[in-house]
Each structure stands twice: as C-alpha cells, then as structure tokens.
Chemist: 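Below are the structure tokens for one structure; questions will follow.
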Amino acid sequence: MIQKKYTLKRFKDTTALKPAVDESRFVINYKNELNPAQFEVVSALDGAYLIIAGAGTGKTRTLVYRVSRLVELGYDPKSILLLTFTRKAANEMMNRASILLDNRCSKVNGGTFHSFANLTLRRYAKAAGLDSSFTILDQSDCEDVINLIRSQAGFITKEKRFPNKQTLEKVFSLSVNTERKVEEIIEADYPHFVEQLDKILDIQRVYTSYKHKNNLLDYDDLLVYLRNFLLDFGAAAKSFLSSIKFVMVDEYQDTNKLQAEIVKGLTQINNNIMVVGDDSQSIYSFRGANFKNIMDFPKLFKDVKIIKLEENYRSVQPVLNFTNQIIERAIEKYPKNLYTHKSGGELPVIIAASNENLQSKFIVEKILDLREEGVPLNDIAVLFRSSFFSFDLEIELAKANIPFQKFGGMKFIETAHVKDVLAFLRIAANPKDVVSWYRVLLLHEGVGPKTAQKILDELATARLTIKANPEHITSFKSDKVAALFQLLYKIHTEKSLPSEKAQIVMDYYYPLFKDKYDDFNKRKKDLDIFLNITENYKSLDSLLADMAIEPLIDSVIDIGAEDKENEFVTLSTIHSAKGLEWHTVFIIHMVEGFFPSSRSADKLETLEEERRLMYVASTRAKQNLFLTYPMNIFDREAGTTLSKPSRFISDISPDSAEGWLLDEEN
C-alpha cells in the first residue's frame, strides 16, 4: 500500500477570538468622539479592568460613554451597577448618558455605596440578618445616641476629662471603616484620652448593643451588613449577584477596606469589574481611604487589564510638565505622563517672599491685575495645605475689597477658639461690648447664663468696671471671675503693643482652651498663627477693625448685574478643591514643615500622601500656576526664623518653573 505523506498543520486556538463589533450598528460614533485610550475603555466588555485616569483626562465622560455603549449592545440597564462617592456624581452620569443615548440609561443601577447598601439590605433583609423596617441613623443621630449612653451610664465625672459625643462618633466610625482597633486610634490621635480607654470601649459595646436592640443602623453598619451578606454567599446573595452583569466603581482610590471587600463580593459570579481612579489623587486617608486598594487591585482579580488615560483636556503643557515632575518622584505609583494638544501657556512661577504678609500682598496685587486682564474672580483660586495658612491673606483681601469665599476649614474669624481670644481683646478696647463679655464669662467653669447676666447687670450700672483695679469683687463671683477682671484691667489700662496684649490673653486662655476642645492639639496652630498676625499691628483698634471686616459679597450684589454680581475668589484647602479647576491657581505657604507638614515626615506613607496632595493642587490650574512661600517665618518662641522651601518645589528643574524673588517698593 502506497502511503501518502500528510503534513499536520497546527491550528490557532480560535476559542478566544471574538467577532469584531460592527461600529455602524451604534447610534453614537464612539470612535470619533473619544480618544484611542478612552475608546479602549468604553469598548471593554468582559473581565477585570483598572482604569488609571490622570487629572483632567475626561474620566466622567468616558464612564458615561461606556454606560451608553453597554445599553446599545443590548444589556439590561438594570444589570449594570455604577458605584460613586456622591449621589450628585451618580445622577450626573445617569443624566448625561440619557441625554447622550436615550432614557434606557436612567434605569442603570447608579448610586453611592451607602444608598446601594440600603436598597439591597431592605430587599434581602432576612438573609442579611435584619428586620427590613430598620431605621438609618445619620451622623447627628449617632452622636445623640452616644451622648445619651455617656451621660446616663455615669461615664462622665468632674475629676477626669472625657471625650465629647462628636469625638466618640468619629473614633468609632474610623475604626469600622479602616478596620483598626479603637485603642490604636485613641493612642495615635487622642493620646490625652488613653486613661479613659476602658470606658470608651464600654460605650462602644453599649452603642452596638443599643442599635441592634432597637433595629437601628448607622452609615457604617450599612456597609458592614452588605459586605457580610455578599461574602457569606448564601442562596439569596447568589440570586442577587447573578442579576448583576457589569460593575463599575468611580474614584476607586478613595475606597476604604470595607468598600474594597464589597467590590470583591459583588463580582463572585460575573467577574466583569471596572474600577476607575487615579492613584496620584489618593488623599483621604484621614477619612479611612486606603491607598493600597488601587495599588493592589491587580492582585485581587485574575488577568486585570490596566488602561491609562493620559491626554489632559484641562491644563496647558507647562503646567502638566510641572505636575508630571512632581509625581514622577513618588515611590509607589502607576507611571503616567499627562500631555495635552492645547497650545501656549506660561511656565509655573515659584515666588519667594521675605515674609508671610508680603506673600499675601503679592497675591492681592496679582488678583487685581488678572481682574483687569479680564479673568473673572470666580476663575481664580488660592489653595493651601491647612486652613490657617490663609488667615493673613484673608485680612489683606478684605482690605482690598476683594470678595472671597473659603472652603475647607472655617474662615479665620469664624473659628470658635480665635473668636474666644478676640472677645478678650474686644473688651479691652471697648468695656461695654456685651456680646464679648458674655462669651468670655461662659468660658469659666461655674459661670452659667444666670451668673453671667448678673455680672453684665453690674457692669451696665458701673458697679463693676475694668477701668479701675477691681480689688473687691462681690460675693456671688468666684476667684476665677476675680482673676478674669484682673486680666482685663491689665490689658485695658496698659500701654503696650497688640501682640503683647494678645500674648497675655493667650497665657490666661490656654487652660480654658484645653478644657473646652477635645481636639485642642489640632486647634493650637490657629492660635499661634493669630499671634503671628498681631505682630503686623501697632494699634489694637486697627487689629480688631481688620478682624471684623467680612468679605464684601453682600455689597457686591447691590452694584448691579454688569459688575458680575456674586463673583468671588475661592480660598480652599487642597482636600476641598479636588475635582475642581480654575484659570489661575495660587498654592501658598510652600514651606518645609508646613507642606509637607512636619507630622507627615515621620512615615513614608504620610509623606507620599503629601506629595499626592501637591499633585492634586497643581493639576487644578488651567492656565497660570503660582507657588509662593515666605522666606522668614515668625514664631513666638523662636522669633523670626529662616524657612526652607518645600521639598516639592526646591528640586524642580529650571525648565519646568520660573523663580521670582519678591521685593516691596518703598
């Protein structure tokens, strides 16, 4: 038999090949409307995806187009789940998708982690170990329940200081969201309460039991019960999860451990998960957000595909070059290089001012110049690491009649502890200031509203005065009130500088301040800054007048529409500025020890978060970026000291930023 030779050809495995989607079938021309990286995200289907979306790269737009495309492909909108951090973000995406495509997009499951947890737990209450009629406690409700427990159960004694309801609620919540023990949080953030730890843990136990008995859930419980329901993976959970085909999570870098576990639990049947975020914008660890979630995502899921969005639609290239240089020095990151097709733009400017007040005056002058050039005040922002960095600037803006609004932290003169100190000085300047008298009197233990009113009556009839040495104080007043009158007599009659009067007040006030505020260690910096500000004044009247001037937003409204009513400069902490953008951005107080903060230098993780904070601040600028720092900083104890520019700007290459040395005209 003649044998024929037969050559075996190796066939390619065709099981993984999928037919290309016919783009002409879609109502929307996705390829034309998106850049190549965005299109890759939008057309992704099955599997696990990590989208690293750099600042200003059209993240929201990309998610909206992906929702539309999935609906156009014929998937049931109810099988698509989009989790966001605010209801506003979820609604905005659903609305934009509905406008882009049609009303089917409004049926997509969109919401916050908490709202999604609430709906799911109501529906599967029995399987989750709940009564479906549970009541949700908001933050103030939780504080009230905790207060009820701490006051009724005899935890408070006059001998020892005990944390207030707000502090306890904050600690309990942080413990749940970070899965750290209460003991650890108290030792790290509230060391002055370590002696009370047993009582604090008792309150937590009673609080947990009280909620359980009364069918109450706080915001954190919603996440805990949802996580447990999903990961227990019972029949009800399997039925529920089989109805979810696609899961998308926005701002994944802001998730905490609990939320990451929920995301994992949601993908136990259909492993179609897409998380979108920017590791370089992970700045909320103080709220419990875990930077490791986005870094470890590829380890959590099989065959994770990473897609980077790097084309920026917000900033000019010089600003992007600067921000790229900031973040490329990060130790742990997904490398990315932001670029734009926008033309032009000036180099960012690093400005060294001789002192803080000159820094403020420069910003005021520059804002007025920009206004003349046609840049609206609403398109200008001053950003800072901590809210007290803007106190000196607020006074200068008010003097120049530049309206401003402050976000993140209170305005300088609205902080309770600064108001307390100002009240002493106001009485020294005007002994008839009843409002300030009332505030100061109530700071003292044993002086309630009735006693305060009696003292005010005697002041009104001049039976009591601070104009003469108050040697004889009537019997109903305590030694503490006598000491107060001695202090006020001294600062009223002595001819001394405002800074000296303020220091005398501060020495007297500090023990009262420590008793009044649980977080006095954080607030103390505000008082130090206030003392520094008093150094700029020769007279107490001018200091108090400047402190009393409010931003003239109300008077602007009366001017008329052509004067751009309601226009104001934004002053904001960097944390509050995330997600926003302005034509011109000033980042102030770029001093080592302030930004990055001295506290953050102890640990690599906290120092790296400060770097990411710097990146977030810089990427807010569309056109102009100014970074300022005072070369000399006044400290009450050390006197005037030479400051070092922040490490974030000291090693920037000359081709990425211009340096200016600020000089004041005589």
Chemist: Is there a donor-acceptor contact under 3.5 Å from the side chain of N177 to the main chain of S173?
Modeler: yes
Chemist: Taking N378 for the side chain and E567 for the main chain, is one N or O donor matched with an acceptor at less than 3.5 Å?
Modeler: no
Chemist: Quick one about D392 and N357 (side-chain donor to acceptor, distance below 3.5 Å, no hydrogens or angles considered), yes or no?
Modeler: yes
Chemist: Enter the distance from L338:CG to S618:OG here, rounded to the nearest 0.5 Å.
Modeler: 11.0 Å
Chemist: Check the pair L527 / F513 against side chain to side chain contact (heavy atoms under 4.5 Å, CB included), numbers first and verdict last.
Modeler: CA-CA 10 Å; L527 299 180; F513 165 70; 3.9 Å; yes
Chemist: Are the side chain of T112 and the backbone N or O of T84 linked by a donor-acceptor pair below 3.5 Å?
Modeler: no
Chemist: Roughly how far, to the nearest 0.5 Å, is NZ of K578 from OG of S576?
Modeler: 11.5 Å
Chemist: Calculate, to the nearest 0.5 Å, the distance between atoms CG and CD1 belonging to L607 and I331 respectively.
Modeler: 7.5 Å
Chemist: Hey, are D250 and K59 close enough for a salt bridge, meaning a charged N less than 4.0 Å from a carboxylate O?
Modeler: yes
Chemist: Parallel, tilted or perpendicular: which describes the rings of F648 and F595, with under 30° parallel and over 60° perpendicular?
Modeler: perpendicular
Chemist: So, do L377 and I367 sit near enough that their side-chain heavy atoms are less than 4.5 Å apart?
Modeler: yes
Chemist: Where do S386 and T573 come nearest, in terms of heavy atoms and distance?
Modeler: C-CG2, 4.5 Å
Chemist: Show, in sequence, the C-alpha distance, side-chain angles and deciding distance for I200 and F162, and conclude whether the side chain to side chain contact (heavy atoms under 4.5 Å, CB included) test is met.
Modeler: CA-CA 9 Å; I200 292 168; F162 200 73; 4.3 Å; yes
Chemist: Start with the C-alpha distance between Y438 and L442, add both sets of side-chain angles, then the distance that settles side chain to side chain contact (heavy atoms under 4.5 Å, CB included), and finish with yes or no.
Modeler: CA-CA 6 Å; Y438 196 70; L442 292 182; 3.4 Å; yes
Chemist: Do side-chain atoms of R314 reach the backbone of T619 as a donor and acceptor pair under 3.5 angstrom?
Modeler: yes
Chemist: How close do C142 and D218 get, heavy atom to heavy atom, and via which atoms?
Modeler: SG-CB, 3.4 Å
Chemist: Look up atom CG in N290 and atom CD in Q259, then write down how far apart they are to the nearest 0.5 Å.
Modeler: 10.5 Å
Chemist: Step by step, would you call F586 with F384 a ring pair (Phe, Tyr, Trp, His ring centres under 6.0 Å)?
Modeler: CA-CA 9 Å; F586 297 86; F384 30 83; over 10 Å; no
Chemist: So, for F530 and A502, which heavy atoms are closest and what is the spacing to 0.1 Å?
Modeler: CE2-CB, 4.3 Å
Chemist: Mind checking what makes side-chain hydrogen bond (donor to acceptor under 3.5 Å, both in side chains) contact with T606, not counting sequence neighbours?
Modeler: none
Chemist: Using distance alone, with no hydrogens and no angle criterion, decide if D279 and S282 have a side-chain donor and acceptor under 3.5 Å apart.
Modeler: no
Chemist: Does the side chain of S390 come within less than 4.5 Å of V382's, by heavy atoms?
Modeler: no
Chemist: Dump the intermediate steps for side chain to side chain contact (heavy atoms under 4.5 Å, CB included) on F113 and V249, then the final yes or no.
Modeler: CA-CA 9 Å; F113 276 88; V249 184; 4.0 Å; yes
Chemist: I'd like to know if the side chain of Y517 reaches the main chain of K524, judged simply by a donor and an acceptor atom lying under 3.5 Å from each other, with no hydrogens or angles considered.
Modeler: no
Chemist: Without swapping roles, check the side chain of N293 against the backbone of N256 for a donor-acceptor pair under 3.5 Å.
Modeler: yes
Chemist: Mind checking what makes side-chain hydrogen bond (donor to acceptor under 3.5 Å, both in side chains) contact with Q281, not counting sequence neighbours?
Modeler: D278, R620
Chemist: Any donor-acceptor pair under 3.5 Å linking the side chain of R150 with the backbone of P163?
Modeler: yes
Chemist: E609 vs K603, test: salt bridge (charged side-chain N to carboxylate O under 4.0 Å, His left out). Steps then yes/no.
Modeler: CA-CA 10 Å; E609 182 158 325; K603 288 186 195 165; over 6 Å; no
Chemist: Return yes if some donor-acceptor pair links the side-chain N/O of D379 with the main-chain N/O of H583 below 3.5 Å, else return no.
Modeler: yes
Chemist: Verify whether one side chain among Q325 and N321 offers a donor that lies under 3.5 Å from an acceptor in the other.
Modeler: no
Chemist: Got a sec, which residues hit ring pair (Phe, Tyr, Trp, His ring centres under 6.0 Å) with Y629, two or more places apart in sequence or on another chain?
Modeler: none
Chemist: Could you tell me whether K170 and D189 have a side-chain N and a carboxylate O separated by less than 4.0 Å?
Modeler: no
Chemist: If you define the side chain from C-beta out and look only at heavy atoms, does anything of L370 sit under 4.5 Å from N624?
Modeler: yes
Chemist: When you look at CD of E328, are more than 12 heavy atoms from neighbouring residues, nucleotides or ligands closer to it than 6.0 Å?
Modeler: yes
Chemist: Do L397 and L393 touch side chain to side chain, with heavy atoms closer than 4.5 Å?
Modeler: yes
Chemist: Considering all heavy atoms of both residues, which atom of E396 and which atom of S360 are nearest to each other, and what is their separation?
Modeler: CG-CB, 3.7 Å
Chemist: Any chance CD of E346 has more than 12 other-residue heavy atoms, nucleotides or ligands included, within less than 6.0 Å?
Modeler: no
Chemist: Within a strict 4.5 Å, meaning less than it, do heavy atoms of the K366 and T584 side chains meet?
Modeler: no
Chemist: Which pair of non-hydrogen atoms, one from H575 and one from I283, has the smallest distance, and what is that distance?
Modeler: NE2-O, 2.9 Å
Chemist: Take atom NZ in K514; do more than 12 heavy atoms of anything else shown fall under 6.0 Å from it?
Modeler: no
Chemist: Looking at F193, is its backbone amide N or carbonyl O close enough to the side chain of Q196 to form a donor-acceptor pair, meaning the two atoms are under 3.5 Å apart?
Modeler: no
Chemist: Verify, without hydrogens or angle tests, whether S315 (side chain) and L320 (backbone) share a donor-acceptor contact under 3.5 angstrom.
Modeler: no
Chemist: Decide yes or no on side chain to side chain donor-acceptor pair (under 3.5 Å) for Q503 and D507, but give the supporting numbers first.
Modeler: CA-CA 6 Å; Q503 186 62 60; D507 294 341; 3.0 Å; yes
Chemist: Hey, could you give me the CD/CD1 distance between E332 and I294, rounded to the nearest 0.5 Å?
Modeler: 11.0 Å
Chemist: I'd like to know if K181 and E187 make a salt bridge, using a cut-off of under 4.0 Å between side-chain N and carboxylate O.
Modeler: no
Chemist: For the pair F389 and H589, name the ring-plane relationship: parallel under 30°, tilted 30 to 60°, perpendicular over 60°.
Modeler: parallel
Chemist: Do F172 and I203 have side chains that get closer than 4.5 Å, going by heavy atoms?
Modeler: yes
Chemist: For the atom pair CZ (R385) and CD1 (I574), what is the distance rounded to the nearest 0.5 Å?
Modeler: 7.0 Å
Chemist: So, for R439 and A423, which heavy atoms are closest and what is the spacing to 0.1 Å?
Modeler: CD-CB, 4.0 Å
Chemist: Report yes if the side chains of L540 and K501 come closer than 4.5 Å at any heavy-atom pair, otherwise no.
Modeler: yes
Chemist: Check whether any side-chain heavy atom of F424 lies under 4.5 Å from a side-chain heavy atom of L488, and answer yes or no.
Modeler: yes
Chemist: In terms of the angle between their ring planes, are F407 and F568 parallel, tilted or perpendicular, with boundaries placed at 30° and 60°?
Modeler: tilted
